[in-house]
Every structure is written in C-alpha cells, then in structure tokens.
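This report concerns only the one structure given below.
Note that this is a predicted model, so its numbers are computed, not measured. Computation of the quantities below employed the complete heavy-atom set of this structure, encompassing side-chain atoms and omitting hydrogens, waters and symmetry-equivalent molecules. Here is the naming used below: chain letters follow the sequence lines, and residue numbers restart at 1 for every chain.
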Number of protein chains: 2
Amino acid sequence: MRPSINNRDTAPRRALAELIASRHGHFTAADLIADASQRRVKVGRATVFRTLDLLTDQGSLERLDLPSGEHAYVSCAPREHHHHVVCRSCGQSVEVTDQGLQAVVQSIGARSGYRIESHRLELYGLCPDCQKESGQ
Amino acid sequence: MRPSINNRDTAPRRALAELIASRHGHFTAADLIADASQRRVKVGRATVFRTLDLLTDQGSLERLDLPSGEHAYVSCAPREHHHHVVCRSCGQSVEVTDQGLQAVVQSIGARSGYRIESHRLELYGLCPDCQKESGQ
DNA sequence: ATTTTTGCAAACCTTTTGCATGGAA
DNA sequence: TTCCATGCAAAAGGTTTGCAAAAAT
C-alpha cells in the first residue's frame with residue numbers, strides 16, 4: 001500500500017489527526033482504534049492503518065519498533081533526519097538530531113566496507129518526569 | 001514466553017542450530033520453517049519460535065526490525081554490546097562495535113534529560129560484494 | 001522419576017485486500 | 001463527473017498457547 005500521492009481532506013483523517021494529537025508518547029494502531037471506538041468516532045480499522053501509512057510517508061509520524069517487537073508511532077515535525085529518545089515507562093519521546101552520529105556512521109562504513117545508505121538509532125530510558133516518580 | 005532458564009540438548013535444537021549456521025545473512029522464522037520442511041527436518045512451528053527466543057535470550061541471535069517491518073534474526077557472537085550493518089540486497093550483515101557511539105549517546109542523554117538505559121543502532125546499505133555486482 | 005521440551009492445532013493479534021458505496025475536488 | 005477514500009468483512013500473516021505425549025536429565 002503506497003497511496004502517498006493522494007491527499008484529500010476527509011472526516012476520518014481529521015478525526016484521526018485529533019486522536020493522534022491528543023495522545024502522549026507513542027501509540028499503536030490498536031491504541032487509535034480503541035480511542036476511536038471509545039469516543040464513538042466511527043473509523044474503520046483499515047482506514048486507521050491507511051492513515052498511519054500516509055502520515056508516516058509524509059513524515060508527520062515515525063514508526064518505532066519497540067524492544068518488545070511492537071510497532072508504535074510517534075508524531076514528529078516533518079523535517080530533517082532525526083532520532084527518538086523514548087521513555088520506557090510513559091512512552092513520551094523527544095526528537096534528537098544527529099550530533100556526531102554522522103561521524104560514527106561514516107567510520108562504520110569505512111571499517112565495514114559497506115556503503116551505508118540509511119541508519120536508525122533508537123534510544124530507550126527514563127524521561128525526566130519518570131525519573132522523579134520512580135524515586136529518582 | 002521466557003524459558004531462558006531451561007536449556008536441554010535436544011534434537012530439534014541441534015537441527016535448528018544447523019539450519020541457522022548454514023544461513024547467509026538475516027533470516028526470519030518463516031525462513032527457518034521453510035528450510036526445515038524442505039530438508040525434511042521435522043520441527044514444529046512453535047519450536048522454531050521458542051528456539052529463536054531462547055537463542056536471542058542467550059545472545060547468540062539478535063533480532064532486527066527491518067525497515068519493511070519484518071522481524072529478522074542474525075547470528076552473532078554472544079559478547080559485548082554491538083550493532084549490525086545489514087546489506088539491503090543480500091541480507092549479509094556484520095557486527096560493529098560502538099566506536100564513538102557511546103559519546104553520542106551520552107550527549108543525547110545530557111541534552112534530553114533522559115536517563116538512557118539502552119539504545120539500538122541499525123545500519124543499512126550495500127555490502128562490498130553487492131556494490132560490485134550492482135555495477136559498482 | 002522428575003522436569004523440560006515437543007508437536008499439534010487452535011487461538012490470537014496485527015495488518016492487508018477486494019470491492020461496492022460515499023465523498024471530495 | 002471523476003477519482004479517491006472509506007467501511008466492511010474476509011483473508012493473510014505472524015506468533016503464542018494449552019495440553020498430552022516424548023525426551024532429557
């Protein structure tokens with residue numbers, strides 16, 4: 001499924017955008033489906049997946065592969081390459097820019113002989129709030 | 001499922017170890033199941049998954065989340081923290097050590113305020129062989 | 001003898017697809 | 001009007017589970 005060229009303004013998409021906006025931290029497709037049914041917003045399962053793909057293609061969402069193997073999404077400003085730091089407790093995440101990672105990637109390319117085309121860095125830990133709550 | 005404490009020497013496990021050893025690049029659970037049935041090795045689907053989990057817990061395998069969303073595994077020496085560079089064409093992968101990444105991670109922790117507990121870097125590109133084959 | 005592991009089949013969960021209908025442009 | 005997007009339900013994957021039988025210690 002790659003509908004990336006279509007982009008109409010529809011009620012389901014607006015509704016999903018709101019559900020996503022009111023979310024904290026990362027969320028799964030199932031989360032959105034649950035949200036929708038709870039708020040009595042009528043959107044089909046398929047539409048949720050299609051919209052998530054769409055937003056991901058646009059760069060408004062990024063898909064994380066949690067250590068558990070779950071696929072989760074986080075919203076992000078559709079801008080240049082960045083990575084996410086994810087709180088393992090509340091799921092809140094922040095975007096971080098490369099900051100020296102570029103050099104590491106280059107060095108790995110040189111040492112391995114691979115021509116590196118892309119990379120993905122995900123960091124997990126405790127966000128400031130959860131550090132406090134968990135008795136520091 | 002976390003059987004990590006049991007570790008008996010059984011025929012299915014030995015068979016799977018061989019199938020894995022004779023694999024190049026990364027592979028999925030489905031790949032192993034196909035290999036087994038092709039070579040007429042009798043192992044149940046469930047056993048494949050259970051063994052993959054076991055080996056992953058032991059550190060002999062690592063699970064990759066390919067950009068496509070597939071879960072694949074690569075064998076690796078169960079040693080210290082490392083990352084994988086994966087060929088997007090043949091799936092071959094090599095392990096690389098941190099080499100400066102540690103500093104990047106620390107700096108991200110400092111800037112974000114998160115207490116970083118773990119991270120995961122996956123690199124994708126073309127291995128030396130596939131670079132040649134693909135017209136340089 | 002005891003405990004772990006296996007195989008099987010069914011259950012589960014997540015994601016995708018086909019297709020007719022409804023809505024946007 | 002003309003396409004695109006939706007919903008539905010069915011299909012397709014991938015992974016897990018319960019349990020009795022088989023194998024390992």
Side-chain angles (χ1 to χ4, degrees), chain A residues 1-20 23 26-58 60-74 91, chain B residues 1-20 23 26-58 60-74 91:
Chain A
M1 189 308 96
R2 301 273 90 173
S4 40
I5 43 173
N6 310 319
N7 205 354
R8 293 191 174 174
D9 184 21
T10 69
R13 286 180 183 174
R14 268 175 268 127
L16 285 173
E18 264 193 41
L19 290 180
I20 289 172
R23 277 245 151 222
H26 53 58
F27 56 88
T28 63
D31 288 335
L32 285 188
I33 293 168
D35 283 4
S37 95
Q38 187 187 306
R39 298 204 198 172
R40 274 145 193 92
V41 177
K42 202 197 83 192
V43 279
R45 218 191 329 281
T47 300
V48 172
F49 283 98
R50 290 189 274 233
T51 303
L52 286 173
D53 281 351
L54 193 65
L55 296 174
T56 301
D57 283 352
Q58 288 178 182
S60 310
L61 287 182
E62 189 159 311
R63 191 167 88 188
L64 300 180
D65 298 295
L66 302 186
S68 67
E70 280 185 305
H71 287 163
Y73 296 82
V74 286
Chain B
M1 137 49 33
R2 300 272 90 173
S4 42
I5 42 173
N6 309 319
N7 206 352
R8 291 190 176 178
D9 183 23
T10 70
R13 287 181 183 172
R14 267 175 269 126
L16 285 172
E18 263 193 42
L19 291 180
I20 290 173
R23 276 243 151 224
H26 53 58
F27 56 88
T28 63
D31 289 334
L32 284 188
I33 293 169
D35 284 4
S37 96
Q38 187 187 306
R39 298 205 198 171
R40 274 146 193 91
V41 176
K42 204 198 79 192
V43 279
R45 217 191 328 283
T47 301
V48 171
F49 283 98
R50 290 189 276 230
T51 303
L52 286 172
D53 281 351
L54 192 66
L55 295 174
T56 301
D57 282 353
Q58 287 179 182
S60 309
L61 287 182
E62 189 159 312
R63 192 167 85 187
L64 301 180
D65 297 294
L66 302 185
S68 67
E70 278 186 307
H71 286 162
Y73 295 82
V74 286

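- Residue B/R45 places no side-chain atom within donor-acceptor reach of the base of D/dG14, judged by atom type and a 3.5 Å distance cut-off alone.
- In this structure, B/R13 atom CZ and C/dT4 atom P are separated by 12 Å, rounded to whole Å.
- Atom pair A/L54:CG and D/dC4:C1' shows a separation of 12 Å (rounding to whole Å applied).
- Within a 6.0 Å radius of CD in B/E18, no more than 12 heavy atoms belonging to other residues, nucleotides or ligands are found.
- The distance from atom CG of B/L32 to atom P of C/dG7 is 14 Å, rounded to the nearest whole Å.
- For B/P12, counting side-chain heavy atoms from C-beta on, the closest listed nucleotide (C/dT14, C/dT6, C/dG23) is C/dT6.
- Applying the salt bridge (charged side-chain N to carboxylate O under 4.0 Å, His left out) rule to B/R14 yields the partners B/D9; only residues at least two apart in sequence or on another chain are considered.
- Of the candidate nucleotides D/dG18, D/dG7, D/dA24, D/dA24 has the atom lying nearest to any side-chain atom of B/R14.
- Closest to the A/D53 side chain, of the nucleotides C/dT16, C/dC8, D/dG14, is C/dT16.
- For B/R50 and C/dT5, a side-chain-to-base donor-acceptor distance below 3.5 Å is absent, hydrogens and geometry of angles not being considered.
- The 5' end of DNA chain D is approached more closely, in terms of each residue's nearest nucleotide, by B/I33 than by the other of B/I33 and B/D9.
- Phosphate contact (OP1/OP2 of C/dT14, side-chain N/O of A/H71, threshold under 4.0 Å): absent.
- Toward the 5′ end of DNA chain C lies the nearest nucleotide of B/R8, the other residue of the pair B/R8 and B/T47 mapping further downstream.
- With sequence neighbours excluded, no residue forms a salt bridge (charged side-chain N to carboxylate O under 4.0 Å, His left out) with B/R8.
- Per the geometry, CG belonging to B/D31 stands 11 Å off P belonging to D/dT15, to the nearest Å.
- Atom pair A/E70:CD and C/dT15:C1' shows a separation of 14 Å (rounding to whole Å applied).
- One interatomic measurement links the two molecules: CG of A/N7 to C1' of D/dA5, which rounds to 11 Å at whole-angstrom precision.
- Here B/A11 lies out of heavy-atom contact (under 4.0 Å) with every strand.
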Let's go through A/D53 and A/T56 carefully: what are the C-alpha distance in whole Å and the side-chain angles of both, what is the deciding distance for side-chain hydrogen bond (donor to acceptor under 3.5 Å, both in side chains) to 0.1 Å, and is it a yes or a no? CA-CA 5 Å; A/D53 281 351; A/T56 301; 5.3 Å; no
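- Closest to the side chain of A/T10, out of D/dA5, D/dT16, D/dA24, is D/dA5.
- Of all heavy-atom pairs between A/V48 and A/A29, the closest is CG1-O, 4.1 Å.
- Residue A/F49 has its side chain nearest to C/dT15 when only C/dT15, C/dT5, C/dA24 are considered.
- Residue B/K42 contributes atom NZ, which lies 15 Å from atom P of D/dA21 at whole-angstrom precision.
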